[in-house]
Number of protein chains: 2
Amino acid sequence: MVKNRNFIEKLRELGLRPTKQRVKMCEVLFNREKTFHFTINDLVKMISEEMNEKISLATVYNTVHALEKKGYLKEISINSDKSYFDTNTSVHHHFYDEDTQELIDCDGNDIDPINIKKNITGKKINSVEVLVKVASDNQNQK
Amino acid sequence: MVKNRNFIEKLRELGLRPTKQRVKMCEVLFNREKTFHFTINDLVKMISEEMNEKISLATVYNTVHALEKKGYLKEISINSDKSYFDTNTSVHHHFYDEDTQELIDCDGNDIDPINIKKNITGKKINSVEVLVKVASDNQNQK
DNA sequence: ATCTACATTATAATAATTCTAAACTGTTGA
DNA sequence: TCAACAGTTTAGAATTATTATAATGTAGAT
Ligand SMILES: [Mn+2]
Ligand SMILES: [Mn+2]
Ligand SMILES: [Zn+2]
Ligand SMILES: [Zn+2]
């Protein structure tokens, strides 16, 4: 989503009413240089730091899912108890640091294109994603 | 885990007491020809079908996690609200059918080995897993 | 301005997972 | 033999993550 822009217009274009909750969330999510990864709880914390009134947790879920459906957020699968979201909606792979529980984007040329030789009859491929789990090198050292 | 075997011995070898709950769970999980994927709820259903007394949900979680730690179960990441587990503990990739919410194993030669060119300093790679999401071909057809 | 239909919010409910107190079991030593 | 004790295991209670829905808000239509 375009940075430093009137999110009111932008939300209207998407068919979403530009409520104060949504505009604030868009500012927190998209008014920045780099894309980033977050959990719902991270986001709630970020919002409350920038805002006096608090947005209800359910509304944060609602809006995140609305923006996901419109293609402005992506959900990332991790072996974990909570969902991660990504403001980088391009097709890309991830490193997951099991020590810090942080996601790191894989650049296009960090991993060669994946060639899938099998195909499931009647099904088409929607996405191909690689997850590389990493952890501290000196975990079990002598 | 070896099929058609005395799970009592086997559990003892792992340092787990062979309680009736655990032995029954091992039978349900490992006394079969092929490996399979399941959610905790799937497993509870399978157990109650084969057993009169029911095992508490917390115990199912405990035992699944114990077997996972011992390397006899693997957790699989999916964009979803529940965890999937796999009795196939080898390194392998998956197709995920978004229509039926079923996991399908990728054979070794369905996907070429993934070459990771980037490395995170001080971190070692623990796993590299590909998830291929598929869905019905004629979803949005004219 | 008022009505109406739909969109949105946020509380209440549910589902998934974990915590922990009570029950169990294996070991030790009288 | 068999308490006493120290883990271990179970499962009900508690917590956390997510969703359902009742209440509230809003954009036309009249
Ligand atoms: Mn989602
Ligand atoms: Mn786990
Ligand atoms: Zn990313
Ligand atoms: Zn598998």
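Because only heavy atoms are used, hydrogens play no part in the values below, and waters and symmetry mates are left out as well, while side chains stay in. The sequence lines fix the lettering, A, B, ..., with proteins before strands; numbering per chain opens at 1.
- When rounded to the nearest whole Å, the span between CG of B/Leu16 and C1' of D/dT8 equals 10 Å.
- Residues A/Gln21 and A/Thr59 have side chains that never bring a donor and an acceptor to within less than 3.5 angstrom of each other.
- Pairs engaging residues 14-24 of chain A under the salt bridge (charged side-chain N to carboxylate O under 4.0 Å, His left out) rule: A/Lys24-A/Glu27, A/Lys24-A/Glu50 [sequence neighbours left out].
- Listed by first then second residue, pairs satisfying side chain to side chain donor-acceptor pair (under 3.5 Å) with a partner in residues 113-122 of chain B read A/Asp112-B/Lys117, not counting sequence neighbours.
- Within the 4.0 Å cut-off from OP1 or OP2 of C/dT8, not a single side-chain nitrogen or oxygen of A/Thr63 is found.
- Here the nucleotide nearest the side chain of B/Gln21, chosen from C/dT9, D/dT18, D/dT10, is D/dT10.
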Write down the protein N/O and nucleotide N/O pairs, taken from nucleotides 22-27 of chain C, whose separation is under 3.5 Å; answer none if there are no such pairs.
from: C/dT25; atom 1: O4'; to: B/Arg17; atom 2: NH1; distance (Å): 3.3

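- Nearest nucleotide to the B/Asn41 side chain, out of C/dT9, C/dA16, D/dA11: C/dA16.
- Spacing between atom CE of B/Met25 and atom P of D/dT9 amounts to 13 Å, rounded to whole angstrom units.
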Trace of the side-chain hydrogen bond (donor to acceptor under 3.5 Å, both in side chains) decision for A/Asp105 with A/His37: CA-CA 9 Å; A/Asp105 274 359; A/His37 306 103; 2.8 Å; yes
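- As a whole-Å value, the separation of B/Leu43 CG from C/dT17 C1' is 15 Å.
- What separates NZ of A/Lys45 from C1' of D/dT16 is a distance of 14 Å, to the nearest Å.
- Screening B/Ile114, B/Asn126, B/Ile125 against A/Val132 for a side-chain contact (heavy atoms from CB on, under 4.5 Å) leaves a single residue, B/Ile125.
- Taking the ring-ring contact (aromatic ring centres under 6.0 Å, His included) definition, one finds that A/His93 meets it with nothing, sequence neighbours left out.
- As a whole-Å value, the separation of B/Tyr84 OH from C/dA16 C1' is 14 Å.
- At a non-hydrogen distance threshold of 4.0 Å, B/Ser56, B/Ala58, B/Thr59, B/Asn62 from residues 53-62 of chain B come into contact with DNA chain D.
- Taking atom NZ of A/Lys82 as the reference point, atom P of C/dT17 lies 13 Å away to the nearest angstrom.
- B/Phe85 places its CZ atom 8 Å from the P atom of C/dT17, with the value rounded to the nearest Å.
- Applying the ring-ring contact (aromatic ring centres under 6.0 Å, His included) criterion to B/Phe38, with sequence neighbours excluded, gives B/Phe36, B/Phe85.
- To the nearest angstrom, C1' of C/dT8 lies 14 Å from NZ of A/Lys70.
- The structure places OH of B/Tyr61 at 11.0 Å from OG of B/Ser56, a figure rounded to the nearest 0.5 Å.
- Interatomic distance, B/Lys70 NZ to B/His65 NE2, rounded to the nearest 0.5 Å: 15.0 Å.
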